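Presented below is the structure to which this report refers.
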Amino acid sequence: MDKENQTWVSEFLLLGLSHDWGTQVSLFVLFLAMYLLTILGNLLIIILIKLDNRLHMPMYFFLSILSFVDICYTNSTVPQMLVHFLSAQKSIPFHSCVLQLYISLAMGSTEFFLLGAMAYDRYVAVCHPLHYMVIMHGGLCLGLASACLAAGLTNSLMQTLMIFQLPFCRKVIDHFACEMLAVLRLTCVDISLNKVMVAISGFLVIMLPCILVLFSYAHIVAAILHIRSSQGRRKAFGTCASHLTVVSMCFGTAIFTYMRPVGKSSAGQEKMVALFYAVVTPMLNPLIYSLRNNDVIGALKRALERLKEKKNRLK
């Protein structure tokens with residue numbers, strides 16, 4: 001591409017999900033409800049784990065970190081998407097686009113590493129129950145969570161710097177947010193190196209945690225099959241079912257989209273996957289972990305009872 005066709009972009013235009021006004025209003029109402037449910041659900045999980053001493057365990061520590069990451073991830077894209085549903089001009093300044101891509105990619109990467117750490121936690125709980133609290137001590141849990149966040153931030157920083165140092169010929173992004181693959185399509189130059197980096201990043205961020213999850217659950221299944229009582233097997237599987245549900249949703253769609261060569265996935269597919277990670281998954285995570293977890297339900301009941309008693313005393 002000739003240099004005269006390369007332009008410095010001060011802002012980008014986002015095509016969004018629809019051009020029909022009625023559809024946009026309907027989507028605004030739908031995604032606003034999902035956004036509020038996401039924020040309230042994840043905040044509730046964090047508050048319950050913080051207030052209830054019975055939930056001060058490694059499993060719930062990682063769950064509270066996951067809820068925090070989901071809140072950050074959702075806030076990086078959804079509020080802007082909601083504003084654009086009711087806006088005629090769906091523009092985003094260059095620096096805001098950089099920040100949005102960095103935060104969403106960082107939180108998404110961190111979530112994959114966290115799911116791997118949570119799989120290891122479940123492996124220790126099922127396969128080494130007598131030594132669980134010794135192995136999964138506070139220092140290790142904090143170290144694993146910090147390592148997940150550091151790895152996610154580092155991966156995002158490298159990808160963001162490599163993408164936004166490229167010249168752009170166009171400024172119209174066929175997406176509702178500044179997503180990595182969508183922004184790469186706007187460049188004027190050869191992006192072979194970026195394709196290689198996306199592939200390497202995909203392997204490190206998606207496939208390595210996925211391999212850890214598969215390894216952990218292979219040992220978990222083997223351990224469960226050796227439990228003689230059916231009640232014991234159900235209890236052991238119950239401790240892993242919620243996490244396995246979330247893992248299946250996240251890794252399945254991520255592998256389908258980001259582990260294929262850049263350019264092989266369509267813009268429509270990328271929008272659907274981005275919506276899944278930005279809206280659906282953060283909303284479902286607290287529902288999955290609470291509805292299938294008696295400890296969380298018990299903590300919620302105790303919290304409501306304390307509020308009721310406090311209200312009665314004030315009367």
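For clarity, every value in this text was computed on a predicted model and none was experimentally measured.
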Within this structure, what is the CG-CD1 distance for the pair Leu99 and Ile103, rounded to the nearest 0.5 Å?
4.0 Å
Working to the nearest 0.5 Å, report the span between CG of Leu14 and OG of Ser87.
11.0 Å
Run the side chain to side chain contact (heavy atoms under 4.5 Å, CB included) test on Asp121 and Phe61 for me, step by step, so that the C-alpha distance in whole Å, both residues' side-chain angles and the decisive distance to 0.1 Å come before the verdict.
CA-CA 11 Å; Asp121 170 72; Phe61 169 75; over 6 Å; no
Per side-chain contact (heavy atoms from CB on, under 4.5 Å), Leu166 is matched among Val189, Leu193, Leu186 by Val189
Listed partners of Cys148 passing disulfide (SG to SG under 2.5 Å), at least two apart
none
Side-chain heavy atoms under 4.5 angstrom apart, residues restricted to Ile, Leu, Val, Met, Phe, Trp, Tyr: same cluster for Met272 and Met283?
yes
dist Thr77:OG1 -> Leu101:CG (nearest 0.5 Å) comes out at 11.0 Å
Hey, could you give me the CG/CG distance between Leu32 and Leu37, rounded to the nearest 0.5 Å?
11.0 Å
Connected-component partners of Val83 among ILVMFWY, side-chain separation under 4.5 Å
none
Do you know which two heavy atoms are closest between Leu157 and Tyr102, and how far apart they sit?
N-CE1, 3.4 Å
Do the two ring centres, one from Phe12 and one from Phe168, sit under 6.0 Å apart?
yes
ILVMFWY network linking Leu212 to Val221, side-chain heavy atoms under 4.5 angstrom
no
Non-neighbouring partners of His137 that pass side-chain hydrogen bond (donor to acceptor under 3.5 Å, both in side chains), sequence neighbours left out
none
With a 4.5 Å cut-off on side-chain heavy atoms, are Leu66 and Ile45 touching?
no
Heavy-atom closest pair (Val78 atom, Ala278 atom, distance to 0.1 Å) is CG2-O, 3.7 Å
Does any N or O in the side chain of Gln159 come within less than 3.5 Å of the main-chain N or O of Ala106, such that one atom is a donor and the other an acceptor?
no
Give a yes or no answer on whether the side chain of Gln100 reaches the backbone of Cys178 with a donor-acceptor pair at less than 3.5 Å.
yes
Would Leu48 and Leu40 show up in the same hydrophobic cluster when neighbours are defined by side-chain heavy atoms closer than 4.5 Å?
no
Please answer: with hydrophobic residues joined when any side-chain heavy atoms are less than 4.5 Å apart, are Val134 and Tyr60 in the same cluster?
no
Between Thr187 and Arg170, does the side chain to side chain contact (heavy atoms under 4.5 Å, CB included) criterion hold? Intermediate values first, please.
CA-CA 7 Å; Thr187 58; Arg170 299 172 297 279; over 6 Å; no
Val213 and Leu115 have their tightest heavy-atom pair at CG2-O, 4.0 Å
A side-chain contact here means heavy atoms from C-beta on lying under 4.5 Å apart; do Met107 and Ser76 qualify?
no
Between the side chain of Glu179 and the main-chain N/O of Leu181, is any donor-acceptor distance below 3.5 Å?
yes
Val205 side chain reached by Pro209 side chain, heavy atoms, under 4.5 Å:
no
All heavy atoms of Asn42 vs all of Thr38, minimum pair found to be ND2-O, 2.8 Å
Please step through side chain to side chain contact (heavy atoms under 4.5 Å, CB included) for the pair Ser64 and Lys50, ending with a clear verdict.
CA-CA 8 Å; Ser64 65; Lys50 177 69 175 178; over 6 Å; no
Leu30/Met34 under side chain to side chain contact (heavy atoms under 4.5 Å, CB included): CA gap, chis, key distance, verdict
CA-CA 6 Å; Leu30 173 64; Met34 296 175 72; 4.0 Å; yes
Name the orientation class of the two ring planes belonging to Tyr73 and Tyr277 (parallel below 30°, tilted from 30 to 60°, perpendicular beyond 60°).
parallel
Gln24-Lys90 side chain donor-acceptor pair, cut-off 3.5 Å
yes
Is there a side-chain contact between Leu300 and Val296, using heavy atoms and a 4.5 Å cut-off?
no
With Phe215, which residues qualify under ring-ring contact (aromatic ring centres under 6.0 Å, His included), at least two apart?
His219
I'd like to know if the side chain of Ser201 and the backbone of Met197 have a donor-acceptor N/O pair within less than 3.5 Å.
no
Do NZ/NE/NH1/NH2 and the carboxylate oxygens of Lys271 and Asp174 come within less than 4.0 Å?
yes
Same apolar cluster: Ile47 and Leu55, side chain cutoff 4.5 Å:
no
Please give the remaining members of the hydrophobic cluster of Leu13, linking ILVMFWY side chains under 4.5 Å, ordered by chain and number.
Leu15, Val172
Would you compute the distance between atom CD1 of Ile46 and atom CD1 of Ile65 and round it to the nearest 0.5 angstrom?
8.0 Å
Are any of the side-chain heavy atoms of Met133 and Pro58 separated by less than 4.5 Å?
yes
Which pair of heavy atoms, one from Ser18 and one from Leu27, lies closest together, and at what distance?
CB-CD1, 4.5 Å
List the residues meeting disulfide (SG to SG under 2.5 Å) with Cys210, not counting sequence neighbours, and say none if there are none.
none
How close do Met118 and Phe62 get, heavy atom to heavy atom, and via which atoms?
CG-CB, 3.6 Å
Reported SG-to-NZ distance for the pair Cys97 and Lys171, which is rounded to 0.5 angstrom
13.0 Å
Hydrogens and angles aside, do Asp190 and Ser192 bring a side-chain donor and acceptor to less than 3.5 Å of each other?
yes
Side chain to side chain, Met81 and Phe31, heavy atoms closer than 4.5 Å
yes
Side chains of Asn75 and Tyr35: is there a donor and an acceptor less than 3.5 Å apart?
yes
Do the side chain of Ser96 and the main chain of Ile92 share a donor and acceptor less than 3.5 angstrom apart?
no
Can you check whether Leu153's main-chain N or O pairs, donor with acceptor, with Ser156's side chain at less than 3.5 Å?
no
With a 4.5 Å cut-off on side-chain heavy atoms, are Arg302 and Arg54 touching?
yes
His128 and Tyr123: aromatic ring centres closer than 6.0 Å?
yes
Less than 4.5 Å apart, any side-chain heavy atom of Phe176 and any of Gln80?
no
